[in-house]
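Here is how names work: the chains are called A, B, and so on, in the same order as the sequence lines, proteins then strands, and each is numbered from 1.
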Amino acid sequence: MPGSSYRIVEHPVISFKRGRRVVFYYNDRPVEAYIGETILAALYAAGYRVFSYSLDGKRPRGAFCMIGKCGSCLSIVDGVPNTRICIEPVREGVRVYRQEGLPTAPLSKNVVEPVEWEEAEADALIIGGGPAGLIAAKTLGELGLDVVVVDDQPRLGGQLVKQTHRFFGSREYWGGIRGYVIAEKLAREIMGMKNVRVILQGYAYGIYSDNRVGVAVRNPLKHVIVKPKMILAGTGACEKTLWFENNDLPGIMGAGGAQTLMNEYGVRPGDEALVIGSGNVGLIVTYQLLQAGVRVKGLAEIMDHIGGWFVHAAKIRRLGVEFYFKHTIIKAIGSDRVEKAVIAEMDENYQPIPGSEKVFDVDLVLLAVGLQPNYSLFSQAGAAMKYVPELGGLVPVRTWFMETSIPGLYVAGDSSGVEEATTAFIEGEIAALSIALRLGAGNRGVLIEKRRKLLDYLWKEYRQSPVVSRARMGKLKVTVSEEEMEKIRRGEA
Amino acid sequence: MEDYKARGYITPEELAGKGLLPSIERLEKGPIAIAECPEEIPCNICKNVCPFNAIRMDRIYDIPRIDPDKCIGCGVCVPQCPGLAIFIVDLSKPGKALITLPYEFLPPPRKGLIVKLLDRTGRVIGEGRIVKVWSYDKTWAVTVEAPRDKYMEVRALWIPEK
Ligand code: SF4
Ligand code: SF4
């Protein structure tokens with residue numbers, strides 16, 4: 001518990017820049033932290049693992065997604081309940097309490113004190129500062145358009161900030177560069193543009209009539225109503241979980257959650273780990289766990305072969321990580337954190353074969369079992385949606401130029417269907433160029449030619465690779481021509 | 001499904017079967033790259049970074065094929081490959097094999113260090129001395145002296161922490 005430090009001092013790839021040292025209070029006990037960390041990262045570094053309880057107060061909950069998408073870390077911060085401490089930056093002296101059961105409504109603070117209010121006009125509003133949104137902001141910003149970028153995290157980059165590996169694909173489209181380096185570079189460029197306004201810790205909660213978008217901003221509290229001409233939403237995706245006994249024990253975490261801890265904040269997510277799922281995320285995270293000094297005791301995959309790309313598997317196999325094919329987790333054991341995890345072999349009907357159980361002594365179980373697009377904003381806006389298993393769930397139907405059935409609302413990146421950062425960049429740029437063309441910015445011929453090249457590369461080269469054929473099939477199911485989209489809009493299709 | 005996908009590692013026989021290995025004569029002449037990248041993934045970084053135009057690839061998802069006449073084994077591609085899938089093997093020195101591998105762990109490698117040599121499954125199959133190290137963007141390219149008969153086995157190294 002408090003005292004032992006999980007902070008990574010030396011890392012082979014990342015140099016962690018920690019800010020000024022501060023002290024804050026968790027359940028009235030002082031905790032050391034560094035400016036730039038989130039409250040949860042600092043607590044985790046100090047050894048805390050339980051961050052909330054189930055509503056009946058019986059089951060402890062740990063960190064899961066680490067990006068403000070699940071409810072595992074809802075806490076009371078300076079009197080405000082239901083605060084997601086995984087995305088709440090630490091401040092000197094802030095008082096944080098663990099929430100047990102339903103919290104009391106903060107009648108004294110938020111409701112009584114009026115929140116500052118502002119209306120902002122823009123040519124384009126970009127919701128989500130991940131790969132799709134960043135590239136779109138850069139493209140539109142360079143064309144001289146007034147752009148507002150809203151992101152709910154304390155910094156730009158989305159999930160790029162924790163990708164420490166070099167990207168694949170062509171060098172023209174960021175191949176060969178580490179993900180977090182791309183994020184830093186794009187964020188710097190965008191922050192330097194006078195016509196691009198970035199709102200961090202801002203949550204775009206709804207799209208209203210007259211194309212108004214409500215944004216609730218934290219730190220300092222503010223309510224911004226943006227009235228853009230066009231909207232691009234690249235809201236990303238969140239991690240799925242698995243059903244098994246005790247799947248809510250602290251120490252069972254989304255693979256991306258562990259990435260946030262170790263690659264963004266330099267906090268080791270555990271000492272000994274078991275990884276579930278051998279898609280690219282599971283394979284890459286396993287490698288990164290090893291780099292962070294975590295012992296990986298095994299990787300279980302329910303299929304009889306690797307889900308992700310072979311090269312990622314080979315990288316960890318040659319460092320001695322064992323693969324358990326046709327296996328998955330059936331149970332976790334522990335009182336207030338994982339102490340053991342049990343996997344079993346599956347029969348043809350994906351039922352555990354009795355007697356095939358294997359027990360691992362681990363304090364960390366990472367679930368890398370896929371992502372689900374964050375679709376709520378599109379649904380709320382009334383866009384035509386489709387459930388596509390190949391893409392991870394519900395996604396908006398869109399044209400080849402990434403426009404949804406709501407005229408002027410574009411989609412790009414994982415929220416258009418889970419794929420990769422490389423395709424998110426390309427989709428984001430296609431959407432941005434389409435927005436620019438609509439608004440009459442730039443040289444029409446040049447923009448059309450640029451967009452044609454991107455579409456060709458995306459559909460005729462990149463997505464032709466057999467290893468991405470599933471995602472390609474999924475995207476084809478929800479991509480329609482302009483004429484088809486008009487029919488959808490008229491309610492004829 | 002290819003066998004290597006059901007295993008998580010590839011065998012020298014599978015690589016040879018796909019025409020991805022240089023001849024023993026070529027290996028004895030001097031260093032050459034071996035790309036253990038048998039899947040048609042959308043990546044052509046190695047082709048683009050090779051200063052000698054030694055990697056053939058028409059479409060982005062083609063399997064990289066190394067031209068034994070053009071590749072001089074310079075190693076530029078080793079630390080730049082996002083899949084960390086390229087190794088340089090040199091059998092031109094008698095009694096040993098020189099193998100260059102990518103490495104992204106701590107402690108950092110140093111010339112002269114004796115390290116553990118691992119095969120494709122992580123098994124320790126011997127020890128070797130580091131004879132050369134250099135790095136590109138935080139990835140080390142480490143050349144180790146390995147037992148000559150293990151030139152197709154050694155694919156990782158581990159530096160025991162002091
Ligand atoms: S070793 Fe040098 S010459 Fe050979 S393929 Fe790699 S970069 Fe090209
Ligand atoms: S750079 Fe590496 S991963 Fe990419 S094609 Fe070449 S060998 Fe394969």
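- Between chain B and the residues A:G175, A:P466, A:G308, A:G307, the largest count of heavy-atom pairs under 4.5 Å involves A:P466.
- Under a 3.5 Å cut-off, the side chain of A:R166 and the backbone N or O of B:P79 do form a donor-acceptor pair.
- Of the listed residues (A:Y457, A:F325, A:F323), the one with the most heavy-atom contacts under 4.5 Å to chain B is A:F325.
- The candidate from B:P82, B:P38, B:G122 with the greatest count of non-hydrogen atom pairs under 4.5 Å with chain A is B:P82.
- Looking at A:F310 and B:I10, their side chains come closer than 4.5 Å, going by heavy atoms from C-beta outward.
- Shown here for B:K138 and A:V13, the closest heavy-atom pair between the two residues is NZ-O, 2.9 Å.
- With hydrogens and angles disregarded, no donor-acceptor distance shorter than 3.5 Å links the side chain of B:E40 to the backbone of A:S465.
- Under 4.0 Å is where a charged nitrogen must lie from a carboxylate oxygen, and between B:E104 and A:R178 at least one such pair does.
- Remark: A:H312 NE2 to B:E39 CD distance equals 10.0 Å, nearest 0.5 Å.
- To the nearest 0.5 angstrom, A:R317 atom CZ is 12.5 Å from B:R120 atom CZ.
- B:L84 places a side-chain heavy atom less than 4.5 Å from the side chain of A:Y287.
- Contact annotation: the side chain of B:F105 approaches that of A:L319 to within less than 4.5 Å [non-hydrogen atoms, C-beta and beyond].
- No other option in B:L118, B:N48, B:V49, B:T121 has as many heavy-atom pairs under 4.5 Å with chain A as B:T121.
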